[in-house]
Amino acid sequence: MICFPLDNTPYEAKDMGTYLATRTRGVFSSDGNLAVTPSESGLSVSVSPGLAWLKWSDYWGTAALQEQALTLDLDTADGALKRIDAIVCRLDKVNNRAEIVVKKGAPSSAPIVVPPVRDANYDELYIATVLIGAGVISISASAITDQRLNEDYCGLMRDGVTGIPTAPMQAQVQQLIDHLRAEVDGIEQGSEVMLKTVYDADGDGVVDKAAAVPWDGVTGKPGTFTPSTHNHDDRYYTETEMNTKLNGKADSGHTHTSIRMYNSDWSGTDGSITPVYANANKDYVNLSAGNDAGNKWPHVSCQRINGHALNMSLSGTTLSITW
């Protein structure tokens, strides 16, 4: 039977382990003890100094002390899928040592945390898990989940008789973390939450712009809207001036009657003219200015050349003569 400690009695490591066997697995405290935080840059995390208890067997406990801060590098992120890495404080029974390492998770659209190994080879505590987003090149604080109070992964070391379970506290903390993570995911996808730097860029506490505002939601509206300074000067016609000018124009449906032509050498009626030649040879004929009720008509001269009659035609303002 092992009895520790006895005076003047040599002991082995397993005898000291028996003394520590009454303490449960876990970290010494959840303050700064083995706390995991983002490193200053890149895909890496920092682990603060701290003390943990691990189990070699049911009746053999061990204490593991990390004396200095430790930086752990994480593998490159997948280009399309996420994964969850575990920061592990473990007892390596094969190599007879304690160590803090990164256990890389499997890339997936819905990554999971695999349980800690507690067998003949290893006894593990997950002090934190890290969500590695697709394509990320650095780690943010929101990507790290503290697992030190989670009794499924770690928990606080305690006496097996007087200790207080931390599972209820961890459940509340995890619920808050899950809620915050959902909001962060919504911000990244642009569908859940709008950042204040977007809707209130000047920081005055008032939304800068809105897509639409109901009229009764607008405050400070004026009772009347005074037009800007302008004038109606002589560049514009008045209504009376326009009516006068329009009244002087012909109606759009007007028509022109046939031309009246009279001359002492011509005879005819409206729309039908019979020429009277000036001599028996019919060499030429004249149409002189006439006077009909005071209206003057233009002079037109027509003649024959070498016995050929002259033909005149008018197209628009062009007069053509042929023979």
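All values below come from the heavy atoms of this structure, side chains included, with hydrogens, waters and symmetry mates left out. Keep in mind that this is a model prediction, so the values were computed, not measured.
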Which heavy-atom pair separates [X] from [Y] by the least distance, and what is that distance?
X: S44; Y: D73; result: CB-OD1, 3.5 Å
X: C89; Y: A52; result: SG-CB, 4.0 Å
X: A128; Y: I144; result: CB-CG2, 4.2 Å
X: L156; Y: T24; result: O-OG1, 3.7 Å
X: Y153; Y: Q147; result: CD1-OE1, 3.4 Å
X: T71; Y: S46; result: OG1-OG, 3.9 Å

Enumerate the residue pairs fulfilling salt bridge (charged side-chain N to carboxylate O under 4.0 Å, His left out) with a member in residues 118-133, sequence neighbours excluded, ordered by first and then second residue.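 Residue pairs with at least one partner in residues 118-133: R25-D123, R90-E124, K103-E124.
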Counting distance only, does the side-chain N/O of [X] pair as donor-acceptor with the main-chain N or O of [Y] below 3.5 Å?
X: D31; Y: N33; value: no
X: N95; Y: R97; value: no
X: Y126; Y: D152; value: no
X: D92; Y: A98; value: no

Can you pull the side-chain hydrogen bond (donor to acceptor under 3.5 Å, both in side chains) pairs that have at least one residue in residues 53-65, sequence neighbours excluded?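 Sorted result for residues 53-65: empty, none.
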Determine whether [X] and [Y] make a side-chain contact, defined as any pair of heavy atoms from C-beta on separated by less than 4.5 Å.
X: V27; Y: C154; result: yes
X: Q174; Y: L149; result: no
X: I84; Y: I112; result: no

To the nearest 0.5 angstrom, please state how far the CD1 atom of I2 sits from the OG1 atom of T18.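 Here the interatomic distance stands at 4.0 Å.
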Approximate separation, where rounding is to 0.5 Å, of M242 CE and N247 CG: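 So the gap between those two atoms works out to 10.5 Å.
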When the side chains of residues 203-211 are checked against the rest of the protein, which donor-acceptor pairs come out under 3.5 Å, sequence neighbours left out?
from : atom 1 : to   : atom 2 : distance (Å)
D204 : OD1    : V206 : N      : 3.0
D208 : OD2    : A201 : N      : 2.6

For the residue pair S140 and S142, confirm or rule out a side-chain donor-acceptor distance under 3.5 Å.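 On atom types as modelled, these side chains qualify, holding a pair under 3.5 Å.
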